[in-house]
Peer 1: 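Could you have a look at this structure, given as structure tokens, before my questions?
Note: hydrogens, waters and symmetry copies are ignored here, and every other heavy atom, side chains too, is used. Worth saying up front: this structure is predicted, and the values here are computed from it rather than measured.
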Amino acid sequence: MTIHVIATGGTFDKHYDEVSGKLIFGSGHLSEVIQRSRITAKIELEQLPFLDSLDMQDPDRQRIFAACERSSETKIVVVHGTDTMSETAQVLGNAALAKTIVLTGAMVPYEIEGSDALFNFGFACGVVQTLPNGVYVAMNGQIFTWDKVQKNRAAGLFEPR
């Protein structure tokens, strides 16, 4: 089994720019995350243009859908920004592809101490291997179906809708 990992950006892949004091995108962290997570399943990494999910528009979601649709793999993990993760999950869920697609991300960038990125990635790669076909959000040790999840911005977590 091969897990197709699709990187789209989001907080997960942001980097702290010491000069500007802002979080920006660099080259991405997923190659290091894959190595550090020690996942023994084969992983195929595809990097789409990095976006903050607040900047994501319908054409960007269609690009993610197209990557999932054309994938020869049936187990897919999409690393996505948390702010609009549920909107992308709806696009993928409504498409009803015969694949297992798990969206995950991070509330704190991977390279910042205390980040949830490594755990969430490992968790998503584990559950994508066991869940039936469908679209799911896997964050902080919980799994939600695409049509029953929302981000609680005040609490900084995902919860059932």
Side-chain angles (χ1 to χ4, degrees), residues 3-17 20-34 36-37 43-69 71 75-95 97 99-128 134-161:
I3 301 169
H4 184 176
V5 175
I6 301 171
T8 69
T11 297
F12 191 108
D13 265 312
K14 286 200 172 173
H15 164 77
Y16 179 72
D17 182 336
S20 69
K22 295 180 181 178
L23 291 172
I24 60 169
F25 290 114
S27 60
H29 302 294
L30 273 165
S31 292
E32 179 181 340
V33 168
I34 290 166
R36 283 193 63 210
S37 63
I43 294 180
E44 173 189 319
L45 176 60
E46 177 180 1
Q47 185 172 310
L48 298 181
F50 281 169
L51 288 172
D52 185 302
S53 72
L54 288 173
D55 297 327
M56 204 170 271
Q57 303 296 318
D58 289 338
D60 304 307
R61 288 186 178 80
Q62 288 305 310
R63 183 173 33 247
I64 296 168
F65 165 74
C68 292
E69 184 179 44
S71 178
K75 305 296 185 182
I76 300 170
V77 171
V78 177
V79 178
H80 194 287
T82 61
D83 283 313
T84 64
M85 185 183 292
S86 57
E87 286 90 331
T88 301
Q90 287 178 7
V91 168
L92 298 173
N94 283 324
L97 298 174
K99 300 178 182 198
T100 305
I101 303 171
V102 176
L103 289 89
T104 195
M107 299 292 191
V108 177
Y110 166 73
E111 70 177 18
I112 294 180
E113 186 176 339
S115 173
D116 54 340
L118 187 62
F119 174 81
N120 288 340
F121 179 77
F123 180 65
C125 287
V127 300
V128 77
V135 176
Y136 307 88
V137 169
M139 289 290 295
N140 304 108
Q142 293 193 67
I143 304 165
F144 305 93
T145 57
W146 66 272
D147 56 343
K148 293 184 173 66
V149 63
Q150 64 184 4
K151 181 178 178 182
N152 179 330
R153 285 178 173 80
L157 52 83
F158 282 81
E159 60 189 17
R161 177 175 5 177

Peer 1: Can any side-chain N or O of Thr11 pair as donor or acceptor with the backbone N or O of Met107 at less than 3.5 Å?
Peer 2: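 Judged by distance alone, no pair lies under 3.5 Å.
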
Peer 1: Taking all atoms of both residues into account, what is the closest heavy-atom pair of Cys125 and Ile3, and its distance?
Peer 2: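 Reported closest heavy-atom pair: O-CD1, 3.6 Å.
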
Peer 1: Please list, chain by chain and in numerical order, all residues satisfying side chain to side chain contact (heavy atoms under 4.5 Å, CB included) with Ala95, sequence neighbours excluded.
Peer 2: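 Ala95 satisfies side chain to side chain contact (heavy atoms under 4.5 Å, CB included) with Phe65, Leu97 only.
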
Peer 1: For the residue pair Phe12 and Tyr110, categorise the inter-ring angle as parallel (less than 30°), tilted (30 to 60°) or perpendicular (more than 60°).
Peer 2: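 Phe12 and Tyr110: parallel rings.
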
Peer 1: With side chains defined as the heavy atoms from C-beta onward, is the minimum distance between His29 and Arg36 less than 4.5 Å?
Peer 2: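 His29 vs Arg36: side chains apart.
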
Peer 1: Quick one: does Ile64's side chain get under 4.5 Å of His80's, heavy atoms only?
Peer 2: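 Yes; the side chains approach each other to less than 4.5 Å.
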
Peer 1: Step by step, would you call Arg153 with Asp83 a salt bridge (Lys or Arg N to Asp or Glu O under 4.0 Å)?
Peer 2: CA-CA 8 Å; Arg153 285 178 173 80; Asp83 283 313; 3.5 Å; yes

Peer 1: Under a 4.5 Å cut-off applied to non-hydrogen side-chain atoms, are Ser71 and Glu46 in contact?
Peer 2: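 Result no, sub-4.5 Å side-chain heavy-atom pair not found.
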
Peer 1: Within the distance-only criterion (no hydrogens, no angle test), does the side chain of Ser86 pair as donor or acceptor with the backbone N or O of Gln150 below 3.5 angstrom?
Peer 2: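 The answer is no, because no donor-acceptor pair under 3.5 Å joins these two groups.
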
Peer 1: Return the minimal non-hydrogen interatomic distance between Val137 and Met85, and the atom names on each side.
Peer 2: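 For Val137 versus Met85, the nearest heavy atoms are CG1-SD, 3.6 Å.
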
Peer 1: Would you say Thr8's side chain and Val79's backbone share a donor-acceptor pair under 3.5 angstrom?
Peer 2: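 Between the backbone of Val79 and the side chain of Thr8 there is a qualifying donor-acceptor contact (under 3.5 Å).
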
Peer 1: Please confirm whether the backbone N or O of Glu111 pairs with a side-chain atom of Ser115, one donor and one acceptor, at under 3.5 Å?
Peer 2: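 Not a single qualifying donor-acceptor pair exists.
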
Peer 1: Heavy atoms, side chains only, cut-off 4.5 Å: are Leu157 and Gln142 in contact?
Peer 2: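 No, too far: nothing below the 4.5 Å cut-off.
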
Peer 1: Are Phe123 and Val102 packed together at the side-chain level, in the sense that at least one heavy-atom pair is separated by less than 4.5 angstrom?
Peer 2: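 A side-chain contact is absent here, since even the closest heavy-atom pair is not under 4.5 Å.
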
Peer 1: Give a yes or no answer on whether the side chain of Asn120 reaches the backbone of Gly105 with a donor-acceptor pair at less than 3.5 Å.
Peer 2: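 Present.
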
Peer 1: Do you know which two heavy atoms are closest between Asn140 and Phe119, and how far apart they sit?
Peer 2: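 For Asn140 versus Phe119, the nearest heavy atoms are C-CE2, 3.9 Å.
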
Peer 1: Applying the side chain to side chain contact (heavy atoms under 4.5 Å, CB included) test to Cys68, which of Val135, Ile101, Val91 qualifies?
Peer 2: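 Of the listed residues Val135, Ile101, Val91, the side chain to side chain contact (heavy atoms under 4.5 Å, CB included) partner of Cys68 is Ile101.
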
Peer 1: Just jot down the side chain to side chain contact (heavy atoms under 4.5 Å, CB included) partners of Ala154, sequence neighbours excluded, or say none.
Peer 2: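 Only Asn152 meet the side chain to side chain contact (heavy atoms under 4.5 Å, CB included) criterion with Ala154.
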
Peer 1: Hey, does Ser53 have a side-chain heavy atom less than 4.5 Å from the side chain of Thr82?
Peer 2: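 Result no, sub-4.5 Å side-chain heavy-atom pair not found.
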
Peer 1: Any side-chain heavy atom of Asn94 sitting closer than 4.5 Å to one from Trp146?
Peer 2: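 Yes - at least one pair of side-chain heavy atoms lies under 4.5 Å apart.
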
Peer 1: I'd like to check Met56 versus Glu87 (side-chain heavy atoms, cut-off strictly below 4.5 Å). Are they in contact?
Peer 2: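 Side-chain contact under 4.5 Å: no.
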
Peer 1: Taking all non-hydrogen atoms of both residues, which atom of His4 and which atom of Ala67 are closest, and how far apart?
Peer 2: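 Distance-wise, the nearest heavy atoms are CE1-O, 4.1 Å.
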
